[in-house]
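Computed from heavy atoms alone, side chains included, the values below leave out hydrogens, waters and symmetry copies. Counting starts at 1 for both ligands and their atoms, in listed order. Source: prediction; values computed, not measured.
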Amino acid sequence: MESIWTMGMEETGYPPLIGEKSADVLIIGGGMAGVLCAHALKSAGADCVLLEAGRVGRSVTAGTTAVISAQHSTLYSDMARKCGVDTAKGYLEANLRAVEDFRALAGKMDCDFEERPSLMYTKNRPERLHKEVRTLNALGFDAAFTTDVPLVPDAQGAVVFPGMAQFHPLKFLRAISEGVTIYEHSPVRKIKRMTAYTDAGSVRAKKIIVASHFPFMDRRGLYFAKMRQKRECVVAYEGVPPLPVTAVEDTEAGMFFRSYKNTLLLGCGNFIPGKESDEFSKISKFKERAFPKAREVCRWVNQDCFTLDGIPYIGAYSPATPDIFVATGFNAWGMTSSMVAAKLLTAKITGSESPYGRVFDPARPMEALPLLENAASSAGHLITPTVPRCSHLGCALKYNKSEGTWDCPCHGSRFSKDGSVILGPAAKGIKVK
Ligand SMILES: Cc1cc2nc3c(=O)[nH]c(=O)nc-3n(C[C@H](O)[C@H](O)[C@H](O)COP(=O)(O)OP(=O)(O)OC[C@H]3O[C@@H](n4cnc5c(N)ncnc54)[C@H](O)[C@@H]3O)c2cc1C
C-alpha cells in the first residue's frame, strides 16, 4: 500500500524462510500488531521468529493515520451500557496504559512521536458528548468538554483526551524490529501440530501468535462470522500549518484529521469492500473550505477489521487451541490495540496474567442479533450467482471500478485485475476472464 508513510521510506529486505527452524514463539504477520508482539516478547527474553507474507509494515499499517489514542470510535458510555462498567473501565485502562507504553518506547526513537490531545467532535449531538465526559470522569479519567474544535466551524463541541499522541508508524516499526528474527515473502499456508508451513520452510514453536490482520484459519475461532472489514479514504495535503490536536467526528462515516509536519491527513468513510463511495469528494470539499491553497501529495484507501461489540479479539485463538493466540479486530484503532495485544499476549506466554484478559477474550459471549445480521449479509453474497467467486469462502466478488480490483463484500478479501491476492483472508488467487 502506498501512503504518506511509504513515500521516501526504504522497504525492508529480510530474507525468505528456507528450511526447518524452531523457536519458543512464532509470530505470523509483520504489521503493527505482529512486530509489537515480537518486540515485547524479545524484551521479556523469549526466543521468537516472525514470518511475514510480504514486507514488514506494508499492508494495513502502511495506510493508517497513526494516531495513538485511547479515545476510540465507540463511546465509553455506550460500551458501559452494552458490555458493563467493568468492561468499559478495563478497556479504557488497557488503552491508556498502551499510550504510556508508546510514550516510553517511541518517545526515545526516531519516529516523529509528538504529544497531541485527541478530540471527538460533534456537529449535532453535544448532549451525547457531555454524557460521555461524565462517564469517563466516573471511570476515573480526566476527559473534558471543549467548544474549541479546529477546522470545523459548525462543530458544537468535543470530548478532549489530554496526553494522547501521533507518530510515523513505519519509522517506529523499523526501530522496534531491530534484533528480531524476521523472514519476509514467507506466507504461512497452514499450521499443523504447532508447526507453521510456508512454501519453502517451516517453523516449529511452543506458542504461536496469529497477527495476520484477518485470521486465516477458518475452522477455529469462527472469525469470519464475527468480524466485518470496512474501508476508509485518506488524502494528504501539504502546505497546512501543524494542528495542535488530532480529531474524529462522532458519526460512523465522519471526518478524521491529524497533521504530519506541514501535511494535513484528512479522511472519512466506513463502507464495505466492493461498494462504490464518494468519500474523496467529501474530503476535497472539506479541504477546499479549510485550506483552498493546500496541494494534494497522495491519497489512499485502506480497510480494517471490525468486531461485533467494538472490542478487539486478543487472546487464545479458540478454546481448543490454548497455545495459539490471535490479535485482530482493531476497529480502526490498531495503534493502542496492538500495544494492548503485545502486553497481554506477552503476559500470557511468559506465565503471568494480564488484568485485561477477560475484556479482550475472543471467546467472550456475543449478542445474537449482530451475529445473525453478519451471517445474513454473508449468506446473501454467498447465494448471489455472479462470478468471479472469492477463493476464501466462495462469496460473489464485486468489481471496484475506482481501484480496478475484485473485492469481497463479506469478509474483505481483495484481488487485483489479474486475480492475485492483495489482501486476505483469501490465501489463493482467483481466475478472472
Ligand atoms: C484509513 C485508516 C486509518 C487508520 N488510522 C488509525 C489511527 O489513526 N490510529 C489507530 O490506532 N489505528 C488506525 N487505523 C487502524 C490500524 O491502522 C490497523 O488496525 C492496524 O494497522 C492493523 O495492524 P495489523 O498488524 O493488525 O495488520 P497489518 O498491518 O495488515 O499486518 C498484518 C500482516 O500480516 C501479514 N500476513 C497476512 N497473512 C499472512 C500469512 N498467512 N503469513 C504471514 N504473514 C501474513 C500481512 O502481509 C501483513 O503485513 C486506521 C485504519 C484505517 C483503515
Requested in this report: Take Tyr317 and Tyr223 through the ring-ring contact (aromatic ring centres under 6.0 Å, His included) test and state the conclusion after the steps.
Outcome: CA-CA 9 Å; Tyr317 198 101; Tyr223 293 96; 5.2 Å; yes

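Between Thr350 and Ala44, the closest heavy-atom pair is CG2-CB, 4.1 Å.
With hydrogens and angles disregarded, no donor-acceptor distance shorter than 3.5 Å links the side chain of Lys171 to the backbone of Asp110.
With a 4.0 Å cut-off on non-hydrogen atoms, Thr64 touches ligand 1 through its backbone as well as its side chain. At a heavy-atom distance under 4.0 Å, only backbone atoms of Ala211 (N, CA, C or O) approach ligand 1. At a heavy-atom cutoff of 4.0 Å, ligand 1 is contacted by the side chain of Val234 but not by its backbone. By the criterion of a heavy-atom distance under 4.0 Å, the backbone of Gln303, and not its side chain, is placed next to ligand 1.
Figure legend: cation-pi geometry between Lys348 and Phe325 absent, as NZ or CZ is not positioned both under 6.0 Å from the six-membered ring centre and within 45° of its axis.
Heavy-atom separations between Ser338 and ligand 1 are all 4.0 Å or longer. At least one heavy atom of Ala66 sits closer than 4.0 Å to an atom of ligand 1.
Scanning all protein heavy atoms for the shortest distance to atom 19 (O) of ligand 1 gives Asp304 OD2, 2.7 Å. Remark: minimum distance from atom 8 (O) of ligand 1 to any protein heavy atom is reached at Thr65 OG1, 2.7 Å. Here the heavy atom of the protein found nearest to atom 26 (O) of ligand 1 is Phe330 CE1, 3.5 Å. Among protein heavy atoms, atom 38 (N) of ligand 1 sits closest to Ser212 CB, 3.4 Å. Looking from atom 30 (O) of ligand 1 to the surrounding protein, the closest heavy atom is Val60 N, 3.1 Å. Of the protein's heavy atoms, Gly31 CA, 3.2 Å lies nearest to atom 31 (O) of ligand 1. Atom 12 (N) of ligand 1 has as its closest protein heavy atom Gly334 N, 2.9 Å. In terms of protein heavy atoms, atom 45 (C) of ligand 1 is closest to Ala53 CB, 3.5 Å.
Legend: ring-ring contact (aromatic ring centres under 6.0 Å, His included) pairs involving residues 162-183, not counting sequence neighbours, sorted by first then second residue: Trp5-His168, Phe102-Phe167, Phe102-Phe172, Phe167-Phe172, His168-Tyr260.
Comment: Arg103 engages Glu115 in a salt bridge, judged by a side-chain N to carboxylate O separation of less than 4.0 angstrom. Note on Arg189 versus Asp199: salt bridge recorded, some NZ/NE/NH1/NH2 to OD/OE distance being below 4.0 Å. Electrostatic pairing of Arg414 and Glu403 counts as a salt bridge here, judged by a charged N lying under 4.0 Å from a carboxylate O. Under the 4.0 Å criterion applied to side-chain N and carboxylate O atoms, Asp24 and Lys206 are assigned as salt-bridge partners.
Heavy-atom proximity to Gly63, at under 4.0 Å, picks out these atoms of ligand 1: 1 (C), 2 (C), 3 (C). Listed by number with element, the atoms of ligand 1 under 4.0 angstrom from any heavy atom of Leu51 are 43 (C), 44 (N). If you number the atoms of ligand 1 from 1 as listed, the ones under 4.0 Å from a heavy atom of Gly30 come out as 33 (C), 34 (O). Near Glu232, meaning under 4.0 Å from one of its heavy atoms, ligand 1 places the atoms 1 (C), 2 (C), 3 (C), 52 (C), 53 (C). Using a 4.0 Å cut-off to heavy atoms of Ser59, the atoms of ligand 1 that qualify are 30 (O), 48 (C), 49 (O). Under a 4.0 Å criterion applied to the non-hydrogen atoms of Pro187, ligand 1 contributes the atoms 42 (N), 43 (C). In summary, the atoms of ligand 1 found under 4.0 Å from a heavy atom of Trp333, numbered by their order in the structure, are 9 (N), 10 (C), 11 (O), 12 (N), 15 (C).
Residue contacts with ligand 1: Phe256 is placed with no nitrogen or oxygen under 3.5 Å of a nitrogen or oxygen of the ligand (distance criterion only). Backbone and side-chain nitrogen or oxygen atoms of Ala332 are examined, and one is located within less than 3.5 angstrom of a nitrogen or oxygen of ligand 1. Between Ile28 and ligand 1, not a single N/O pair is under 3.5 Å apart. The shortest N/O to N/O separation between Val188 and ligand 1 falls below 3.5 Å. Below 3.5 Å of separation, one finds no N or O of Ala327 facing any N or O of ligand 1.
With no hydrogens or angles considered, a side-chain donor-acceptor pair links Thr336 and His72 at under 3.5 Å. Side-chain contact annotation: Thr246 with Gln166, donor-acceptor N/O pair under 3.5 Å absent.
A side-chain contact (heavy atoms from CB on, under 4.5 Å) with Ile430 is found for one member of Ser391, Ser413, Ser416, Ser420 and no other, namely Ser391. Considering Tyr76, Tyr91, Phe161 as possible partners of Phe141, the one that fulfils the ring pair (Phe, Tyr, Trp, His ring centres under 6.0 Å) test is Phe161. For the side chain to side chain donor-acceptor pair (under 3.5 Å) test with Thr12, the passing option among Glu184, Arg55, Glu52 is Glu184; the others fail.
By the 6.0 Å contact criterion, CD on Glu288 is enclosed, its count of non-hydrogen atoms from other residues, nucleotides or ligands being greater than 12.
Atom 46 (C) of ligand 1 has its nearest heavy-atom neighbour, among His185, Glu184, Gln166, Glu52, in Glu52. Among Val210, Val35, Thr61, the residue whose heavy atom lies nearest to atom 29 (O) of ligand 1 is Thr61.
Taking the salt bridge (Lys or Arg N to Asp or Glu O under 4.0 Å) definition, one finds that Arg358 meets it with nothing, sequence neighbours left out.
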